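Please read these numbers as outputs of a predicted model, since none were measured by experiment. Start at 1 and go down the list; that is how both ligands and their atoms are numbered.
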Amino acid sequence: MKQILTLDDYDFHGKTVLVRVDFNSPIDPESKRILEDARIRAHGETTIRELAEKGAKVVVLAHQGRPGEVDFTPLREHAEILGRILKRHVSYVDDLFGEKAKQRIEALGNGEILVLKNVRTYEKERKKAAPEEHAETEFVKALSPLADAFVNDAFAAAHRAHVSIVGFTPVLRSFAGRIMERELSALSKALETPEKPCTYILGGAKADDALRISKYVLNNEIADNILAGGVAGHLFLMAKGADLGEPNDKFLEKKELLQYVPGIKELTEQYPKEIKTPKDVAIDVDGKRKEIAVKNLPTDFPICDIGTETIREYRGIIKDSRSIVISGPLGIFENEEFAKGTKEILAAVADSEGFSLIGGGHTVAAVEQLGLKSKMGYVSTAGGALIEFLMGEKLPGVEALKASASKHQ
Ligand code: 3PG
């Protein structure tokens with residue numbers, strides 16, 4: 001018996017299929033336009049194309065950002081990009097499960113693709129609950145009678161027990177899409193005892209993830225080095241007693257990240273040699289990059305990247321590593337002035353002879369933009385989900401697919 005059913009296990013021709021993908025992409029905060037379409041391309045060129053070519057009526061479910069954040073946008077542009085990638089018409093409806101959405105789903109012909117409104121516009125979407133509870137929501141109750149099957153291709157969001165990830169699996173025959181399938185098999189292989197020395201490079205804004213993964217890989221003797229950067233790097237610096245200055249403190253406070261400092265402090269005291277933090281940083285002085293040594297902090301300007309001295313030190317460690325995991329950019333990569341840290345560290349990872357595993361929506365976008373993908377060991381579409389997976393956690397989205405498979409075989 002198969003643990004998870006895939007697109008090979010069902011005849012999708014003429015069937016209406018709800019496909020949950022992860023289109024969550026970096027967004028320009030000013031124009032609100034998509035900066036990089038790596039994830040849209042990944043799902044488009046595999047699962048969505050395959051289903052459309054098999055003659056399914058494809059209904060795409062996805063999220064972008066989180067309510068209240070600058071990158072919380074509708075999916076109209078995502079649908080346009082998907083259409084360009086697939087070179088076929090992709091329609092969009094600004095409705096998730098109301099009458100408009102239902103009519104458009106019912107009107108779909110074989111091989112047609114419809115993208116629904118951002119699933120996170122539904123206020124209960126992000127509630128963490130069991131599949132059976134989510135199956136009772138108005139969202140699932142409205143859409144499931146119109147569909148024959150559910151495909152979850154969103155490995156990158158499989159760590160979220162959200163309605164659109166697990167809620168359809170108790171009521172619809174459910175399958176893993178090609179990206180979900182590829183990630184699960186590649187990452188299971190990548191997990192098998194990493195070669196030493198092993199270095200984890202942790203950047204990005206999700207500092208809670210950075211703390212949890214650091215703790216796990218250090219306590220389990222998986223990683224020999226942790227290189228901190230990005231917003232996570234700010235917190236690691238604070239944990240070591242640095243005063244970052246008012247704009248940075250305010251930023252961390254607003255993002256509710258200061259709560260992680262005590263945990264990081266404990267960890268940095270336990271592993272002083274293994275955890276490396278920036279020696280210098282780049283600050284934003286009226287839109288221009290200026291570097292200062294950490295010992296000269298605090299600053300009245302926002303810290304936006306790691307500095308040249310830090311890049312040099314990190315590059316040396318990367319060069320000597322036999323396996324490398326990198327998740328999250330080291331600075332504000334979207335802004336050319338502050339892209340240097342991410343670019344140079346990714347270039348060092350690409351040049352290294354060790355096996356490299358890259359994750360995180362923004363990191364993957366940076367790898368694509370720099371044309372480094374072919375030089376990396378494995379590039380995952382996931383960030384948070386990858387971290388959970390690396391920590392041996394069960395992913396609710398994957399567990400839900402397993403439960404459905406055992407029911408439908
Ligand atoms: C990601 O980018 O890691 C996924 O899309 C999940 O996003 P989330 O952390 O907002 O749930």
ask   = Hey, is Arg39 touching ligand 1 through its side chain, its backbone, both or neither, going by heavy atoms under 4.0 Å?
value = side chain

request  = Counting heavy atoms only, name the option from Arg160, His63, Lys206 that's nearest to atom 11 (O) of ligand 1.
outcome  = Arg160

key: Check: Ser323/Glu195 side-chain N/O donor and acceptor closer than 3.5 Å   = no

ask   = Does a donor on one side chain sit under 3.5 Å from an acceptor on the other, for His43 and Asp153?
value = yes

message = Distance alone, cut at 3.5 Å: any donor-acceptor contact between the side chains of Tyr271 and Asn225?
response = no

Straight-line distance of Glu344 CD to Thr310 OG1, nearest 0.5 Å = 11.5 Å

query = What do we get for Arg126 next to ligand 1 when only non-hydrogen atoms under 4.0 Å count, side chain, backbone, both or neither?
reply = neither

query = Please state which protein non-hydrogen atom is closest to atom 10 (O) of ligand 1 and give its distance, to 0.1 Å?
reply = Arg66 NE, 2.7 Å

request  = Record the part of Ala156 in heavy-atom contact with ligand 1 below 4.0 Å; permitted values are side chain, backbone, both and neither.
outcome  = backbone

ask   = What atoms of ligand 1 come within less than 4.0 Å of a heavy atom belonging to Asp22?
value = 4 (C), 5 (O)

request  = Dump the intermediate steps for side chain to side chain contact (heavy atoms under 4.5 Å, CB included) on Gln270 and Glu266, then the final yes or no.
outcome  = CA-CA 6 Å; Gln270 200 183 345; Glu266 209 176 289; 5.6 Å; no

key: Heavy-atom gap Glu69 to ligand 1 smaller than 4.0 Å   = no

remark   = If we number the atoms of ligand 1 from 1 as shown, the ones under 4.0 Å from a heavy atom of Asn24 are 1 (C), 2 (O), 4 (C), 5 (O), 7 (O)

query = If you draw a 6.0 Å radius around CD in Gln3, do more than 12 non-hydrogen atoms from other residues or ligands fall strictly inside?
reply = no

